[in-house]
Amino acid sequence: MKRKIPVGILGATGMVGQNYLILLRDHPLFEVAYLAASERSAGRSYAEAVEGRWRMGEPVPEGAAGLPVYPVGEIEGALKSCRLLFSAFSTGKEETRLIERTYAAAGLPVVSNNSAHRLTDNVPILMPEVNPDHLDIIPEQRKREGWSRGCLVTKPNCGVQSYVLPLHALRAAGFVVKEVITTNLQALSGAGYPGQSALDVIDNIVPLPSEEEKAFCEPQKIFGALTGDRIEPEDSLRISSSCLRVPVVHGHTSCVWFAVEGRQPSLEELETALSRFRGVPQELRLPSAPDPVIRFTREDLRPQPRLDRDGGRGMAVSLGRLQRSPVLGYRFTALSHNTVRGAAGGAILTAELLEAKGYL
Ligand code: NAP
């Protein structure tokens, strides 16, 4: 049997970090060998560091409980212990950029959940089913930065997963979609733990202005073209989004209106494109790839976060309410799990693709 690749998690004690530990527990390719968090947790065992704030439905995995927690930014132990880093720590953008670059320069591939590098022109924002080819910027990235084994790849904001994947499925089937309006209803766990105060969110909906720019800039880059050593965003794609924090624990829902240029397809044609879509991860049968990746439903009252967020082990997008619309022409509602597909699970799938393409 092939030896598993030892991996590390930066921000291992947080909401996303805890999800990594659960998802990597019996992973066929990766095993957790290194954990890091803030100075508050450093120096303790992982079990001690998360005592009283472990938020998963099952106990801390045995193999991780006794591992020491290092401070984020520590390089030597990481280099000795692992060959890949998942990054999910929270601090200022400048500091995050510097820390992630330092690990990459030291020789470690970094797959990041942080937003700090998403708009860096030679760093991909990867959705494995949508733009797997953007990983092919890695040789150019290594050349420009002078890195040998290290590299930087980011995951998109958790709010964009629910609609970018279906829009890609439609575009891949030949429908030209350039104008989109979305209302993104984002769950509480998207803000980490403990997140917003209960007094702010119970019986309430809170605008998220800081997410609204990400809601169009990131898809423009994800759909962009790889040209030499940079990714050119698709500026002609116009997306306008309202983002709101809603009192749901996990699962981001997007209500989406979109226009199709030229001939107006039937709803059946759109349904076929969405429900039959398969991407490179499905073709390669990567361990975390859900199949189907878009779970299409005609049920009027779905998708719903509580019923649908765990579809495909939290990795699928559940999509329903596909209808014609007097505004823009068509609409649907889609839902994905923000801490799984939108964070740890999506990053693990990205790492599986990195391995399959020989970049680890
Ligand atoms: P979180 O629950 O608040 O966890 C934050 C983690 O960062 C903890 O491990 C914490 O360590 C560590 N940390 C805090 N301050 C630090 C510092 N100054 N230096 C180094 N490490 C520090 O947040 P989260 O929800 O897991 O999010 C982590 C990252 O993923 C964020 O960048 C977030 O935007 C992104 N993200 C989150 C989601 C989601 O759905 N939650 C989705 C996509 C992306 P201690 O425990 O020691 O304090």
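Quantities reported herein were computed from a predicted structural model and do not represent experimental measurements. First listed ligand is number 1; within each ligand, the first listed atom is number 1.
- Ring planes of F277 and H168: perpendicular class, angle over 60° (limits at 30 and 60°).
- Distance check on atom 43 (C) of ligand 1: some protein heavy atom falls below the 4.0 Å cut-off.
- Between V16, N113, N19, it is V16 that holds the heavy atom closest to atom 24 (P) of ligand 1.
- The atoms of ligand 1 that sit less than 4.0 Å from any heavy atom of T91 are 17 (C), 18 (N).
- Considering backbone and side-chain N/O atoms, S115 never comes within less than 3.5 Å of an N/O atom of ligand 1.
- Contact detail for R309 and H337: the closest heavy-atom pair is O-CB, 3.4 Å.
- Taking a cut-off of under 4.0 Å to the non-hydrogen atoms of A88, the atoms of ligand 1 that pass are 6 (C), 28 (C), 29 (C).
- Atoms of ligand 1 found under 4.0 Å from any heavy atom of G342, numbered from 1 in the order shown, are 42 (C), 43 (C).
- The nearest heavy-atom contact from the protein to atom 4 (O) of ligand 1 is G14 CA, 3.2 Å.
- Nearest to atom 16 (C) of ligand 1 by heavy-atom distance, out of S90, P71, A344, is S90.
- In summary, R245 and E211 do not engage in a salt bridge, as defined by a charged side-chain N under 4.0 Å from a carboxylate O.
- Which parts of ligand 1 touch T13 is read off a 4.0 Å heavy-atom cut-off, strictly below it: atoms 8 (C), 9 (O), 10 (C), 11 (O), 45 (P), 46 (O), 47 (O).
- Under a 4.0 Å N-O distance rule, the pair E218/R118 qualifies as a salt bridge.
- Under a 4.0 Å N-O distance rule, the pair E129/R341 qualifies as a salt bridge.
- With hydrophobic clusters built from ILVMFWY side chains whose heavy atoms lie under 4.5 angstrom apart, I138 does not share a cluster with L108.
- Considering backbone and side-chain atoms together, A343 places no N or O closer than 3.5 Å to any N or O of ligand 1.
- Under the 4.0 angstrom criterion, atom 34 (O) of ligand 1 counts as lacking any protein heavy-atom contact.
- The hydrophobic cluster containing L267 also contains L319, counting ILVMFWY residues as joined when their side-chain heavy atoms lie under 4.5 angstrom apart, directly or transitively.
- Polar contact with ligand 1: absent for C158 (N/O pair, distance under 3.5 Å).
- Across V69, N157, L188, N338, heavy-atom proximity to atom 40 (O) of ligand 1 is greatest for N338.
- Between A191 and ligand 1, not a single N/O pair is under 3.5 Å apart.
- Nearest protein neighbour of atom 29 (C) of ligand 1, counting heavy atoms only, is N114 OD1, 3.5 Å.
- Atom numbering of ligand 1 starts at 1 in the shown order; those under 4.0 Å from a heavy atom of V72 are 20 (C), 21 (N).
- Residue S41 approaches ligand 1 through these ligand atoms, each under 4.0 Å from one of its heavy atoms: 45 (P), 46 (O), 47 (O).
- Of all heavy-atom pairs spanning S87 and V110, the tightest one is CB-CG1, 3.9 Å.
- Cation-pi check for R171 over F223 is met; the charged atom lies under 6.0 angstrom from the ring centroid and within 45 degrees of its normal.
- Of all non-hydrogen atoms in I348 and F30, the two that sit nearest each other are O-CE1, 4.1 Å.
- Close contacts between ligand 1 and T339 involve ligand atoms 40 (O) [criterion: under 4.0 Å to a heavy atom].
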Where do D291 and R285 land on the salt bridge (Lys or Arg N to Asp or Glu O under 4.0 Å) test, with the steps shown first?
CA-CA 9 Å; D291 202 355; R285 303 167 82 97; over 6 Å; no
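- The protein heavy atom nearest to atom 3 (O) of ligand 1 is Y193 O, 3.8 Å.
- With ligand atoms numbered from 1 in the order given, ligand 1 contributes 14 (C), 15 (N), 48 (O) to contacts under 4.0 Å with heavy atoms of R40.
- Ring planes of Y330 and F258: parallel class, angle under 30° (limits at 30 and 60°).
- For E39, the heavy-atom gap to ligand 1 stays at 4.0 angstrom or more.
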